[in-house]
Structure formats: structure tokens, C-alpha cells
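Beneath this line is the structure, given in C-alpha cells, with notes to follow.
Order of listing sets the numbers, starting from 1, for every ligand and every atom in it. All figures in this text were calculated on a predicted structure; none of them were measured in a lab.
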Amino acid sequence: MTRPPRLFAIASYMRDLSVVVDRCPAAGETLVGRDALEAPGGKGSNQAIQAARCGAQVSLLAGVGDDNSGAVARALWAAEGIDASAVGVFASDPTGQALILVEAEGENRIVIAPGANQRLQAADVDRARPLIAQADLVLATLETPLAVTEQVFALARERGALTLLNTAPARGELPPSLWALTDIVVANEGEAALLTAGAAAVDPAPLAGGDPQALAEALLRRVRRAVVVTLGERGALLLQPGQPPRHCLPPAVAVVDTTGAGDAFVGAFACRWAAGDPPALALRHGVTAGALACTGRGAVPALARASAIAARLPDAGERS
Ligand code: RIB
């Protein structure tokens with residue numbers, strides 16, 4: 001492809017408030033943390049920004065409040081060169097917020113209050129139709145209403161664009177109608193386990209640790225083109241119909257904060273897949289971007305530029 005790939009994202013946006021702690025507080029306990037950080041976040045927006053930093057031409061649909069955080073989001077997207085002309089500003093709800101605890105080893109625990117993200121509906125999709133019509137690939141997460149994702153994916157399919165669903169945050173089974181519109185799914189181990197465990201499961205933690213290839217095989221029965229199971233510090237596994245699995249290990253990095261690492265993977269992987277890279281190379285980009293996102297505090301502030309990803313690409317290795 002000679003032009004930049006065109007991506008459209010249903011971009012959940014959150015104002016992230018993050019604190020580093022030595023351990024998580026017990027019930028009723030007040031704990032002293034450090035390095036408090038307020039920064040832009042939201043899985044969909046993080047992914048859109050990572051894709052833009054990788055060279056994609058990005059447009060998005062998002063719902064923000066009529067407040068300062070919403071204005072910060074719009075200024076951020078403009079600064080990143082992202083077309084946010086279809087964004088909905090809702091006076092009824094505040095911009096989404098996320099409270100994040102980062103443990104000393106960089107592991108994160110996140111609670112979101114989605115606010116205006118949940119206000120998106122059919123009329124907003126109508127406003128975004130011209131942007132969806134131009135896209136090569138459409139991205140969605142589970143932080144925005146599923147009905148909106150289905151509508152956008154259906155429009156993308158009509159136009160021949162690929163659809164990529166990132167199944168974060170974790171939840172149980174998804175509607176078959178959404179799976180039918182999904183070409184590529186990216187899930188972490190806990191999400192993949194929860195999605196394939198049946199309706200009774202509610203907590204992804206005890207389910208993680210299963211065989212990633214078995215999880216990928218189960219998910220591949222639901223989508224058309226590819227499954228990626230992300231494995232944290234063990235990289236990611238890609239499975240396509242009729243192809244052997246590919247497992248890519250990340251470059252070694254000094255981990256500071258893992259917030260947004262999965263989003264970095266999705267944004268970089270989607271950009272390179274849409275650009276026409278061989279899938280194994282797109283996987284390598286995703287894994288490298290994910291590792292680099294762990295080297296700084298916060299989600300957006302730590303998302304790497306294309307040049308930094310390219311410099312570490314040789315250090316990401318395929319495991320047979
Ligand atoms: O994936 C990281 C993101 O999850 C954070 O930026 C937070 O906003 C939540 O959406």
C-alpha cells in the first residue's frame with residue numbers, strides 16, 4: 001500500500017488518575033502512594049493514538065462530556081492529527097474516568113466510570129458514516145456500547161473494511177451477531193478464557209493460565225480472519241485459519257507501568273495489518289509497541305513513535 005492505512009476507531013476516552021503503590025489497600029484502609037499522574041486514557045483512544053503514531057490516518061467516534069476533560073480529549077486528538085469531527089459532546093454525563101493503581105513491578109489495576117462513553121448511539125454512528133466509508137480497518141473495544149459497535153462493523157463490512165474487536169475490558173460471552181461481523185479478535189488470556197468459558201463465568205483471573213493455543217482455536221471458530229491472544233511479558237500468539245500458530249516474544253525492557261500496553265499492541269498491530277504487512281510482521285510491531293508502552297508512566301504519555309518501535313523490532317523474536 002503506497003498511502004498510509006486508514007483506520008477508524010470507536011474510541012472510548014477516560015481521564016486517567018494513576019498512583020504507584022507498594023501493595024493494594026485492604027478494605028477500609030487508606031494507603032500512602034506516590035507519583036500521582038493525571039493523563040489521557042481510555043482503551044479505544046489509546047489504540048487510535050498508537051495507530052496514528054505508527055503512521056496511520058486515523059478518524060474516530062467517541063463520546064465525551066461537556067467539561068474540561070472532554071476539551072482535553074479533543075485537543076489531544078487534534079495534536080495527534082486524528083480526525084475527531086464525529087465526536088459527540090454530551091451535557092448529560094461527565095467524560096469517562098479511570099482510577100488506576102500501579103504496583104511497584106508495573107502491574108496495573110483499573111476501575112473505570114465510563115460516563116459519556118456509554119451515551120453513544122445510532123445517531124452518532126450516522127454522523128461518522130463518511131469516515132467509516134473511507135476506512136481500511138475499523139477498531140472497537142468493549143468500553144463503548146455493543147449496539148454501536150455492531151452498527152459500525154456492519155457499515156465497515158458493507159464497504160469492505162476489516163473489523164478488529166479488542167475484547168477489553170473482560171466480560172462473558174458476546175452476542176453471535178457481533179462475532180459474525182468480526183474479522184480479527186485481540187484478547188488477553190483472561191478475556192479469552194472468559195469468552196470461551198460460557199455464560200456462568202464472571203471473573204477472568206482464575207481462568208487465565210489455560211493453554212493459549214486452545215483459547216485461540218476456540219475463538220477462531222467465531223471470527224473470519226485471525227485471533228491474537230496477548231500474553232503480557234510472554235508476547236502474543238497469532239492464529240489464522242489453515243496456518244500454523246505464530247508466537248512472538250517481546251524485546252526486553254525495564255517495566256515501569258503496564259497501563260496501556262495492550263492498547264499499544266492493538267494500535268500498532270492494526271496499523272501494520274491494514275498497511276498490508278505480513279501478519280507475522282504486524283504481530284512483531286504490536287508486541288514491540290506493547291513492550292515499549294511499559295517503559296514510562298501512564299498510557300498515552302508512554303505510547304512509542306514509529307521510529308522507536310522500528311529501532312527495537314529486531315529484538316522481538318518469533319518462537320516456533
Ligand atoms: O488499557 C488501559 C486503559 O484502560 C486506561 O487508559 C484506562 O483509561 C482504561 O480504559
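Listed by atom number, the atoms of ligand 1 under 4.0 Å from Met14 heavy atoms are 8 (O), 10 (O). Against a heavy-atom cut-off of under 4.0 Å, Ala98 is close to the following atoms of ligand 1: 7 (C), 8 (O). Listed by number with element, the atoms of ligand 1 under 4.0 Å from a non-hydrogen atom of Asp263 are 1 (O), 2 (C), 3 (C).
Interatomic distance, Trp273 CH2 to Leu7 CG, rounded to the nearest 0.5 Å: 13.0 Å.
Heavy atoms of other residues, nucleotides or ligands lying less than 6.0 angstrom from CZ of Arg127 number more than 12. Open room surrounds CZ on Arg225; 12 or fewer heavy atoms of other groups in view lie less than 6.0 Å from it. Other residues, nucleotides and ligands place more than 12 heavy atoms under 6.0 Å from the CZ atom of Arg6.
Contact check on Asp22 versus Arg34 returns a salt bridge, with a Lys/Arg side-chain nitrogen under 4.0 Å from an Asp/Glu carboxylate oxygen.
Among all non-hydrogen protein atoms, the one lying nearest atom 10 (O) of ligand 1 is Glu143 OE2, 2.6 Å.
Contacts of Asn108 with ligand 1, taken as heavy-atom pairs under 4.0 Å, are absent altogether. Of all the heavy atoms of Lys43, the ones lying under 4.0 Å from any atom of ligand 1 are found in both the backbone and the side chain.
Checking Val125, Thr149, Leu61, Val87 one by one against Leu120, the side chain to side chain contact (heavy atoms under 4.5 Å, CB included) holds for a single residue, Leu61.
Distances between N or O atoms of Gly42 and those of ligand 1 include at least one value under 3.5 Å. Of the polar atoms of Asp16, at least one N or O is found under 3.5 Å from an N or O of ligand 1, judged by distance alone.
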